Amino acid sequence: MFSLRSIFFRPKKSDYPLARFFYADLELKRITNDLDSFDGNKEPQRCQKLIDRLRKTQQRVMEVVWTIVRTCVLEETRASRQYRDKFPEELRGDHMSGPLWFGAECLAAGSSVLNHESESDELRPLARHITTVMEAVRTKLREQCLRDVSCYPEELVDTLRWFDYNWAEFEFSYVSRMCPVKTTEELYQQHITTILFSETTAQALKDKFITEDQMSSYDPVLMLAIPRLSILGGLEQEGGLLDLNKDTSMLPVYFRPHVSNLIDIKQSLSNLTPEEVTVLKQCLASSVDPLQAGTNMQSEPDTMQTDADLEPESDMQTDTDVEPETDNMKTEEETPTETDPLLEADSQTNTDTQGSSQRRDALQCLYLAVSSIADQMITNHAKDLRQMLHHTFKMNQPFEPSKDVIMVAKTDEIRQITSTCVEPSTSEEISAGESRHHVLGQYSDCGEVTNIPQIRQEPPTWVPDCQVTRCSSCDDMFTLLKRKHHCRYCGQIFCQSCTAKSAVLDFTKTRGPVRVCDECYEQYTSLVAATQGESSSAHSSMSAS
């Protein structure tokens with residue numbers, strides 16, 4: 001019976017998620033039937049090709065299912081995905097739904113994951129349950145596809161919410177048993193180190209050691225500069241994360257193997273002048289050796305000072321050459337006690353040169369010691385450092401006025417214009433004003449029409465998914481992890497973070513709040529508030545008259 005209905009009532013191919021699900025699920029059923037129709041042992045190559053197609057099609061089906069879930073199930077009613085923070089970076093997101101579904105079916109059929117036989121036995125009951133849940137969801141979605149692809153009944157929404165909770169439980173159980181998962185302590189260590197990186201980056205931006213252009217372009221030099229500068233910043237800060245007076249167990253785990261080296265670095269830093277510390281930070285930020293960069297800045301003043309000191313001494317020697325002959329009538333015993341000014345100048349110059357060389361060597365040793373610790377951290381904790389640097393870049397991006405800020409400013413202007421409008425005093429003027437408001441817009445006190453947007457009364461036309469590759473608000477590129485979401489008020493496409501708010505719209509078929517973008521949320525709420533204010537003011541004026 002269902003096959004006949006699918007022939008006569010099948011939906012047309014369109015951008016509706018339910019229509020996309022119907023044809024993706026239909027392709028999945030065909031591949032499954034092909035796999036069941038022959039012996040895989042006799043035709044292994046064909047079997048492998050079909051399995052590859054099966055896994056790809058399962059991923060397509062799951063992507064459409066999650067699109068439907070995000071469309072009709074409110075974010076606050078969904079199962080929490082905070083456990084994904086413990087997962088390895090490459091296993092986060094919905095792009096693993098297809099492989100997880102395939103793994104659940106293999107476990108339900110009696111197979112075991114290689115080198116994880118005991119874990120497979122523990123997961124088998126849960127795998128059988130999730131395959132049953134998945135089949136029930138597919139059945140509900142297929143039935144709705146044959147009715148109406150443009151709406152989601154409450155019964156279907158409840159089924160999808162039930163599936164979301166069961167899938168979250170299976171995903172956490174499967175990944176935590178098959179892959180290394182971070183403990184709470186490891187996550188804490190990663191977070192506090194990210195804080196150290198972020199604070200150091202903010203201070204480096206303030207001190208002009210790094211530029212905003214480098215941050216916005218994700219300059220590869222900063223991948224080395226930020227950990228290096230963080231070591232100096234942590235050592236300089238009393239009571240901070242790298243306070244060596246604390247117990248070693250209180251330090252971030254990434255720095256514990258280098259405690260002895262950190263102690264030597266801190267002692268050497270105490271012997272440097274503030275100017276030398278600045279030169280060292282500049283060298284660490286630009287990955288330039290102090291012998292090539294910072295020392296040139298110090299050697300030039302030393303040379304100039306030496307030349308200036310020599311000039312008066314040479315004049316003094318010239319004066320002694322023309323002294324009277326009576327000065328030369330000293331005994332031979334008195335001659336060795338005399339000091340030559342030229343010799344004094346030469347010895348002073350040698351002393352200054354030797355001291356300058358020692359300072360350069362000290363800077364060079366500190367540069368190499370700090371760079372060595374940072375480079376070992378990057379090598380030994382590559383994944384964690386990459387994730388911490390990613391968060392650091394995001395937290396320290398240059399601020400640019402977004403559309404939200406501009407929209408709030410425009411909303412304030414609208415409210416100011418509305419507050420200055422002349423309110424009618426008689427019932428005739430009230431009715432006339434209301435008719436003008438609905439036809440032309442709001443009138444100001446000077447009789448001109450102001451371009452104030454009205455509350456939308458009809459659903460917008462949705463922008464097709466295929467025409468958009470970036471978020472309409474933050475301009476981020478859409479990927480497998482960053483999915484597309486339609487705003488129910490304007491029809492544009494945004495990312496999840498830019499459509500996290502919801503509002504109750506009169507023209508939608510659902511009774512509850514629906515997903516809207518941040519800009520439309522601000523505009524809609526301000527217009528609703530303005531409308532309520534106008535109705536209350538009109539009521540008060542009528543009562544006064």
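This chain uses plain numbering: 1 for the first residue, then up along the sequence. Heavy atoms only: backbone and side chains are in, while hydrogens, waters and symmetry mates are out. Treat the numbers as computed from the prediction; the structure is a model and nothing was measured.
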Neighbour count above 12 (heavy atom, 6.0 Å) for E43 CD: yes
Sub-4.5 Å side-chain heavy-atom contact between F102 and I51: yes
Steps toward salt bridge (charged side-chain N to carboxylate O under 4.0 Å, His left out) verdict (D164, R161): CA-CA 5 Å; D164 183 59; R161 190 180 295 111; over 6 Å; no
R142 side chain vs F21 backbone, donor-acceptor pair below 3.5 Å: no
Closest heavy-atom pair and its distance - Y165, A79: CD2-CB, 3.7 Å
Exercise: identify the closest heavy-atom pair between C47 and L35: O-CD2, 4.2 Å
Side chain R515, main chain R70, donor-acceptor under 3.5 Å: yes
Salt bridge (charged side-chain N to carboxylate O under 4.0 Å, His left out) between E27 and R20, intermediate numbers included: CA-CA 11 Å; E27 178 65 19; R20 290 160 51 199; over 6 Å; no
Candidate pair M388 and Q190, rule side chain to side chain contact (heavy atoms under 4.5 Å, CB included), full reasoning: CA-CA 7 Å; M388 290 186 289; Q190 188 171 329; 3.6 Å; yes
Salt-bridge contact E199-K206 (side-chain N to carboxylate O under 4.0 Å): no
Donor-acceptor contact present, side-chain Q214 to main-chain T211, <3.5 Å: yes
Euclidean distance, Q203 CD relative to I210 CD1, rounded to 0.5 Å: 10.5 Å
Minimum heavy-atom distance K484-V468, with the two atoms named: NZ-O, 2.7 Å
Residues E105, Q58; criterion side chain to side chain contact (heavy atoms under 4.5 Å, CB included); working and verdict: CA-CA 11 Å; E105 290 188 339; Q58 282 181 330; 3.1 Å; yes
From H391 atom NE2 to H191 atom NE2, the distance as rounded to the nearest 0.5 Å: 6.5 Å
Side-chain touch Y174/L126, heavy atoms, less than 4.5 angstrom: no
Pairwise distance CH2(W66) to CZ(R483) - rounded to 0.5 angstrom: 12.0 Å
Distance, nearest 0.5 Å, that separates NZ of K394 from OG1 of T194: 12.0 Å
D25 side chain reached by L141 side chain, heavy atoms, under 4.5 Å: no
Residues D219 and S217: side-chain donor-acceptor under 3.5 angstrom: no
Side chains of C72 and L160 in contact at under 4.5 Å (non-hydrogen atoms): yes
Under 3.5 Å donor-acceptor, S198 side chain and I195 backbone: no
Pairing of E63 and R60 as salt bridge, 4.0 angstrom limit: no
Closest non-hydrogen atom pair between P99 and R55, with its separation: CB-NH2, 4.2 Å
Donor-acceptor pair, side chain of S120 and main chain of V113, under 3.5 angstrom: yes
SB check K49 D52 (cutoff 4.0 Å): no
Nearest-0.5 Å distance that lies between atom SG in C520 and atom CZ in R488: 12.0 Å
Any donor-acceptor N/O pair, R256 side chain to L251 backbone, under 3.5 Å: yes
Minimum heavy-atom distance between L205 and E212, given as atom pair plus value: CD2-N, 3.9 Å
Distance-only polar pair, side chains of D121 and S112, donor-acceptor under 3.5 Å: no
Within 6.0 angstrom of E135 CD, more than 12 heavy atoms from elsewhere: yes
Y524 (side chain) donor-acceptor with V504 (main chain) under 3.5 angstrom: yes
Student check: side-chain heavy atoms of F393 and T201 closer than 4.5 Å: no
Min side-chain heavy-atom separation M96-V175 under 4.5 Å: no
Crowding at CD, E76 (>12 non-hydrogen neighbours, <6.0 Å): yes
Y152 vs V73, side chain to side chain contact (heavy atoms under 4.5 Å, CB included): CA-CA, chis, key distance, verdict: CA-CA 10 Å; Y152 305 98; V73 180; over 6 Å; no
Heavy atoms of other groups near Y218 OH, more than 12 under 6.0 Å: yes
Nearest atoms (heavy-atom pairs only) where A285 meets V221: O-CG1, 3.6 Å
Distance in Å, L241 CG paired with Q189 CD, rounded so as to fall on 0.5 Å steps: 9.5 Å
E117, CD atom: more than 12 neighbouring heavy atoms under 6.0 Å: yes
Contact check, side chains of Y23 and V64, non-hydrogen atoms, under 4.5 Å: no
Heavy-atom donor-acceptor pair, S472 side chain to I493 backbone, under 3.5 Å: yes
Donor-acceptor contact below 3.5 Å, side chain S173 vs main chain F170: no
Parallel, tilted or perpendicular: rings of H486 and W462 (30°, 60°): parallel
Over 12 foreign heavy atoms within 6.0 Å of OH, Y16: no
Main-chain N/O of A374 paired with R228 side-chain donor or acceptor, under 3.5 Å: no
Contact check, side chains of L242 and P252, non-hydrogen atoms, under 4.5 Å: yes
Side chain to side chain contact (heavy atoms under 4.5 Å, CB included) between Y254 and D384, intermediate numbers included: CA-CA 10 Å; Y254 308 101; D384 291 350; 3.3 Å; yes
